[in-house]
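Since the structure comes first, as structure tokens, the remarks are kept for the end.
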Amino acid sequence: MEQMLGAFQSDLSSISSEIRTLQEQSGAMNIRLRNRQAVRGKLGELVDGLVVPSALVTAILEAPVTEPRFLEQLQELDAKAAAVREQEARGTAACADVRGVLDRLRVKAVTKIREFILQKIYSFRKPMTNYQIPQTALLKYRFFYQFLLGNERATAKEIRDEYVETLSKIYLSYYRSYLGRLMKVQYEEVAEKDDLMGMEDTAKKGFFSKPSLRSRNTIFTLGTRGSVISPTELEAPILVPHTAQRGEQRYPFEALFRSQHYALLDNSCREYLFICEFFVVSGPAAHDLFHAVMGRTLSMTLKHLESYLTDCYDAIAVFLCIHIVLRFRNIAAKRDVPALDRYWEQVLALLWPQFELILEMNVQSVRSTDPQRLGGLDTRPHYITRRYAEFSSALVSINQTIPNERTMQLLGQLQVEVENFVLRVAAEFSSRKEQLVFLINNYDMMLGVLMERAADDSKEVESFQQLLNARTQEFIEELLSPPFGGLVAFVKEAEALIERGQAERLRGEEARVTQLIRGFGSSWKSSVESLSQDVMRSFTNFRNGTSIIQGALTQLIQLYHRFHRVLSQPQLRALPARAELINIHHLMVELKKHKPNF
């Protein structure tokens, strides 16, 4: 049993040793397997990257470039070419086996792509009616250009240069043609150098009387012209000149300017975004490429505008053009197209000086106007102040949309000259009353026109309101002076004496006071009636006349009330004539009967 157990123990030791040996062999085999799998993966990737499948060869050699499979296999070819270049850099000898095949396929692909893209670019030369070049159709083939950039830079440069040359000529031709035809539908009669605010009212060319052209406003009136900067009009479809000519339609310059620059904005935004995406550029490179395409067109447009402005004297048109540019600049910024920024600055640099020049000419014309040359005097609103009111309200209403301090300064200069002109004309009237009627009528008219368009808190409205209030108050005093001047003088003197503590001196005024009481009692009704008729005859604005009558009656009541207070002083309290005083409430009731009704 002992021998048997010893033999069994020996066998077990032998088996344990064999198990350990097998475990070691298994671990070594696992390591060899993993190494071989890793090598197989690397080699598989390398072989897959280098092997050129027959589907790729067939597609590149035979398939038209417009077929989806050509694009798919072109991407595959691009990936294989990149892989071979990478392996060659590592010294992989197998690359030599496929280099020739890939080069031949690359040359074939480059040739087909070059022909296709150039053909597309040449197709843009065909005449198009909507002034929109369909270059965006190329975007679905943008990988073609990326392939050329990576594999044949000389061809990529050739295509880019050809695109720039062709599109530059097309845009220039299109816009030169469009601009020429667009200017043919402008109003035939436009503002000239002598159509200024201070010009005599000769009704020249329909500017200051009934317009001679349909829908033509005067050059100082905004009318419906301001709608060109409204959101709906601003981005409305561009004008089609031949359609307008057939319908005998005519437009002011700002409408033509809007149409021209909206077309320019739309095409420029489309062009810039296409360039960035198709030619794979951004930042300064995109900016330079855009200007290579659009530069000649933008220069031509600037030269045309500069030429037009040398003989343009329509300030409202120029100011509307400035606001069109400000809005288009915002639209370009929202579309993330910075390439037009410099162009907008150049356009504004042409428009602002011309606008300032026209305003300065109008200021000078008002300043140099001699009231004695203007013919017969009339207390109604003057045609020059009417022009100013229309013109100022037009510019203020436009300026409120995008406020500009420069404009307000220029309008302030014009306002000063118009105020001085009104005072010069008023000085031609012999009586102060007529002067005041003229001033009130003009201030009231200017205020009314301004309030229709400008905000109630604008500087112009506030200024004319103050002038109107001051002159109205002075006129009321002038109006009350003839019938009630004695009463006014006595009340002022008496109040001054009472204030100085010299009320005793009133005892010597009994006869004067008695005369004033009886005079007022006998004539106040006829005086108020005459005063009311005089006011309604003098003022062109019924509402303003009514307001003046009301102010005069209120002041009369206040005057008589003060007269009552003076007579209640101890020195005059015993005066017999006090019994003839009219009761203040009775007077108020009677005066209300004279208050005009609307």
Any side-chain heavy-atom pair from [X] and [Y] closer than 4.5 angstrom?
| X | Y | result |
| --- | --- | --- |
| R225 | D314 | yes |
| L587 | F520 | yes |
| I548 | T472 | yes |
| L256 | L179 | no |
| Q260 | L182 | yes |
| E360 | Q413 | yes |

Tell me if a side-chain donor or acceptor on [X] pairs with a main-chain N or O of [Y] at a distance below 3.5 Å.
| X | Y | result |
| --- | --- | --- |
| R258 | A236 | yes |
| S431 | E434 | yes |
| T379 | V437 | no |
| S307 | K303 | no |
| R406 | E356 | no |
| R386 | P381 | no |
| S392 | A389 | no |
| R573 | S568 | yes |
| S259 | A255 | no |
| S530 | S527 | no |

Nearest-0.5 Å distance, [atom1] of residue [X] to [atom2] of residue [Y]:
| X | Y | atom1 | atom2 | value |
| --- | --- | --- | --- | --- |
| R342 | L298 | CZ | CG | 9.5 Å |
| Q364 | L196 | CD | CG | 10.0 Å |
| L410 | L359 | CG | CG | 5.5 Å |

> Of D266, L265, L340, V347, which is the lone residue that meets side chain to side chain contact (heavy atoms under 4.5 Å, CB included) with F328?
Replying inline: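 Of the listed residues D266, L265, L340, V347, the side chain to side chain contact (heavy atoms under 4.5 Å, CB included) partner of F328 is L265.
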
Nearest heavy-atom neighbours spanning [X] and [Y]:
| X | Y | value |
| --- | --- | --- |
| C312 | I358 | O-CD1, 3.6 Å |
| N441 | S538 | ND2-O, 3.1 Å |
| L348 | P353 | O-CD, 4.0 Å |
| G545 | M536 | C-SD, 4.0 Å |
| A503 | Q569 | CB-OE1, 4.5 Å |
| L320 | I229 | O-CG2, 4.0 Å |

> Are a donor atom and an acceptor atom from the side chains of Q571 and E509 found within less than 3.5 Å of each other?
Replying inline: no

> Is there a donor-acceptor contact under 3.5 Å linking the side chains of R512 and Q515?
Replying inline: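 No, no side-chain donor-acceptor pair sits under 3.5 Å.
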
Geometric class of the [Y]/[X] ring pair [parallel <30°, tilted 30-60°, perpendicular >60°]:
| X | Y | result |
| --- | --- | --- |
| F355 | F319 | parallel |
| Y443 | F464 | tilted |
| F257 | F253 | tilted |

>> Centroid separation under 6.0 Å, is that true for the rings of F563 and F484?
In response: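 Between F563 and F484, which both carry aromatic rings, the centre distance is not below 6.0 Å.
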
> Between Y388 and F421, is the gap from one ring center to the other below 6.0 Å?
Replying inline: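 Ring centroids of Y388 and F421 are no less than 6.0 Å from each other.
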
Looking at [Y] and [X], is any side-chain nitrogen of the basic one under 4.0 Å from a carboxylate oxygen of the acidic one?
| X | Y | value |
| --- | --- | --- |
| E478 | R432 | no |
| R471 | E474 | yes |
| R562 | E495 | yes |

> What's the verdict on side chain to side chain contact (heavy atoms under 4.5 Å, CB included) for E345 and D341, showing C-alpha distance, side-chain angles and the deciding distance?
Replying inline: CA-CA 6 Å; E345 293 303 323; D341 289 352; 5.8 Å; no

> Would Q465 and N469 count as a side-chain hydrogen bond (donor to acceptor under 3.5 Å, both in side chains) if you check the C-alpha gap in whole Å, the side-chain angles of each, and the deciding distance to 0.1 Å?
Replying inline: CA-CA 6 Å; Q465 188 69 64; N469 291 345; 3.2 Å; yes

Are more than 12 heavy atoms from other residues, nucleotides or ligands located less than 6.0 Å from atom [atom1] of [X]?
| X | atom1 | result |
| --- | --- | --- |
| Q502 | CD | yes |
| D370 | CG | yes |
| R327 | CZ | yes |

> Can you list the steps and then say if V422 with F438 is a side chain to side chain contact (heavy atoms under 4.5 Å, CB included)?
Replying inline: CA-CA 8 Å; V422 172; F438 174 79; 3.9 Å; yes

>> Applying side chain to side chain contact (heavy atoms under 4.5 Å, CB included) to T297 and L264, what does each step give before you reach the verdict?
In response: CA-CA 9 Å; T297 302; L264 194 65; 4.1 Å; yes

>> Does Y560 form a side chain to side chain contact (heavy atoms under 4.5 Å, CB included) with L487? I'd like the steps, not just the answer.
In response: CA-CA 8 Å; Y560 204 64; L487 188 62; 4.2 Å; yes

